[in-house]
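Data first, discussion second: the structure below is written as structure tokens.
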Number of protein chains: 2
Amino acid sequence: MELTDRQKQILRAIVDIYVSTAEPVGSKAVAALPDVSCSSATIRNEMAELTQMGLLEQPHTSAGRIPSPAGYRLYIDELMQDYRLSLDETRSLNEALELKSQEFDKMMSQVGKLVSKMTDLPAYTVATRRSEAVAKHFDLIMAGPGSIILVLMLSDDQVKNKLIKLPVSVSESDLKLLAAVLNASLTDLTAEEITGELLEKITRSAGPASPLAPLVMDFTLECLRQQHGDVHLTGQMRLLGQPEYKDAAEKAQEVFETLDEDMISNLPAVLPKDGPVQFLVGPENVAKELKDTSVVMMRFDIGEGMQGTIGVVGPTRMDYAKITAKLGYFAENLGKMFQKGGTAAPPALTDGTDASDKE
Amino acid sequence: MELTDRQKQILRAIVDIYVSTAEPVGSKAVAALPDVSCSSATIRNEMAELTQMGLLEQPHTSAGRIPSPAGYRLYIDELMQDYRLSLDETRSLNEALELKSQEFDKMMSQVGKLVSKMTDLPAYTVATRRSEAVAKHFDLIMAGPGSIILVLMLSDDQVKNKLIKLPVSVSESDLKLLAAVLNASLTDLTAEEITGELLEKITRSAGPASPLAPLVMDFTLECLRQQHGDVHLTGQMRLLGQPEYKDAAEKAQEVFETLDEDMISNLPAVLPKDGPVQFLVGPENVAKELKDTSVVMMRFDIGEGMQGTIGVVGPTRMDYAKITAKLGYFAENLGKMFQKGGTAAPPALTDGTDASDKE
DNA sequence: ATTGGCACTCAGAAGGAAAGAGTGCTAAGC
DNA sequence: GCTTAGCACTCTTTCCTTCTGAGTGCCAAT
């Protein structure tokens, strides 16, 4: 069944008002809007019909209406109007984007904190592998008597290292030999292809440095098997700033007992391929503890074989348009930064205006 | 003024009862304890005196007593009885201690989660430098055309790396030369001793690889300047499980607005040299937002030049004895793990930072 | 010095009345 | 036939008031 234009307008108005007030919306409030030209009685009739259709709900008989999950979904898919970031907002986002650290994990964690601060809601970031990783290059560096640094470069351009301490000391040339063997036999293999037999073979041909081999392989396997980087979840407490959790601390607690880092790290898999942004509205979430909770996720590019996700967690009554706009801005600029490569601050972004702002 | 033995016994009983019930303690409840052999009237008299001395407080005229901050302090310093971990508790602590990751930062983060889970309170971990760090060893590895991996070993046994991408390609021998120059002139220097002039000098003598030099030095400086590792703060939501925050979500929010990672990372400086454990009881905390919040911190050893801190945040009414026991157990075993730090499971400091940011 | 007894205090629970916001429906108006 | 004003009705919320009970402080007796 199709909605009339007026019904769409009313639904949109109700979502907009409810999002900002967190109170059920009455017919009077809608009628009072400048671009609504009919009386509250008419609105009441339409509201009754929208309720009939399952797009609105009534907390109790004599209260205003609030959007139902289906109502939110319709709003997101069809009615939501692009939110335009104000100049002030763009400016503070830009200031925020001057990341300090050069280390990837720290950057991701900083980004999460930023997003959380800018949206005033809990946020997370996570990096996910797009395809299976393989080792690209091994190096063994002598760092002192009995101290060896293993450096491992993966196909997704990640570099991992590990300091290994051995009771016996190994000669420089032995290390070279082992490194050569590793590079010859352990590169370009996925985690499954690395077997016990292979380990034996390597150990045999590795010469005096062979005690190192199992340690190297363990570490390599650990690195290859990581499907995603750390989940950086921050600002959980900000959920309490939302009226729906004001006097329901337990609920907020429950949310994050359910939505733990494990669950979050699996969320990117839910994202459809056809767009960078995805909404999980209330009960669309798998777990019933999250029935009043929504998640907005946005994908962004991190070079080779990796993709990043930033997400925001909030009550179902959430300013989807605004959050989407902010996340989009982050995602876009992070993508640029990672592509260009960010040694310094994001150069293109520091001037305060985005190209798209030009009239 | 000295306390009589009986007064001490009563104060201890009141703290113990209050800690477990979170309700003001009445004279009857104390008198009912098996090892108390006087009547409630006597207790009342003693309680009046303890209140006089500022060790107890009365929420209102006709309520029981609760310990004052000074009362908690006295309890911690003199009256607290060692809590003995039960077999069950030790067992689950042991199970928990089987850390999965080999990377240092991930281990610290895991430890934090564990501590939080085991104490059912927010917890944090942080690694701090004991002394100023210097670079010990540089290595430059060719990872592909225009891709160079910088490996940097610090005096505290941390290993950092960074993937650098250059538009031009550099020959293997040029890299060797630059590495040699770096090892000759940039090692054993503190961050202050690394100056612009030095950079110029290095750039001059570095030959064709000289464009790399400033990037290397930037990164080195960033690493050296880090006084402490990431602060891993987790389980904030568990604070809401405490009755004092049940209907005061804002308060909980305030706590973590004040006690952010910045503040936490500076807490270890407060620890006295003479003991591994430190209590910050309510108003002893600097910020007034934390006047009802206590922190228990415990130090532990991580090899060379580094020290770890694990901390637990909770309401002033906190089971100091139990928390201390659990933290102690963690600290002891983590210390062992890090010291052993040989080849087996939990390794010496390994910085698993990946450096997939590109140049 | 300790204890039983008793009057007194005060926070929190329980009950109830009044207020207010919003609806659904009906009948009149364009 | 759609829209609107009017009105009775429903329920939540709020504000009082009352009541209950835990706990104290003090006094007199042991």
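We name chains A, B, ... by the order of the sequence lines, and we start the count at 1 in each one.
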Enumerate the side chain to side chain donor-acceptor pair (under 3.5 Å) contacts for residues 240-250 of chain A, please, sequence neighbours excluded, ordered by first and then second residue. A/Gln242-A/Arg317, A/Glu244-A/Arg317, A/Tyr245-A/Thr293

For B/Ser39 and B/His60, take the nucleotide of DNA chain C holding the closest heavy atom to each; which residue's nucleotide lies nearer the 5' end?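 So the residue in question is B/Ser39.
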
Starting at [atom1] of [X] and ending at [atom2] of [N], how long is that distance when rounded to a whole Å?
X	N	atom1	atom2	result
B/Ile66	D/dG23	CD1	P	14 Å
B/Glu23	D/dG21	CD	P	17 Å
A/Ile43	D/dC2	CD1	C1'	14 Å
B/Leu56	D/dG23	CG	C1'	14 Å

Residue set satisfying salt bridge (charged side-chain N to carboxylate O under 4.0 Å, His left out) with B/Arg84, at least two apart, ordered chain then number -> none

Between [X] and [Y], does any side-chain N to carboxylate O distance fall below 4.0 Å?
X	Y	value
A/Glu57	A/Arg65	no
A/Asp77	A/Arg73	yes
A/Glu289	A/Lys251	no

Give me, pair by pair, the N or O atoms of the protein and of nucleotides 14-19 of chain D that are less than 3.5 Å apart, along with how far apart they are.
none

Partner residues of B/Tyr72 under the ring-ring contact (aromatic ring centres under 6.0 Å, His included) criterion, sequence neighbours left out: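 So B/Tyr72 forms a ring-ring contact (aromatic ring centres under 6.0 Å, His included) with B/Tyr320.
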
A/Lys322 versus A/Glu89: any side-chain heavy-atom pair under 4.5 Å? yes

Contact string for nucleotides 23-30 of chain C, one letter per nucleotide 5' to 3', B = base within protein heavy-atom range under 4.0 Å, S = sugar-phosphate only, - = neither, reads BB------

Taking only residues two or more places apart in sequence, or in another chain, which ones meet B/Asp35 in a side chain to side chain donor-acceptor pair (under 3.5 Å)? none

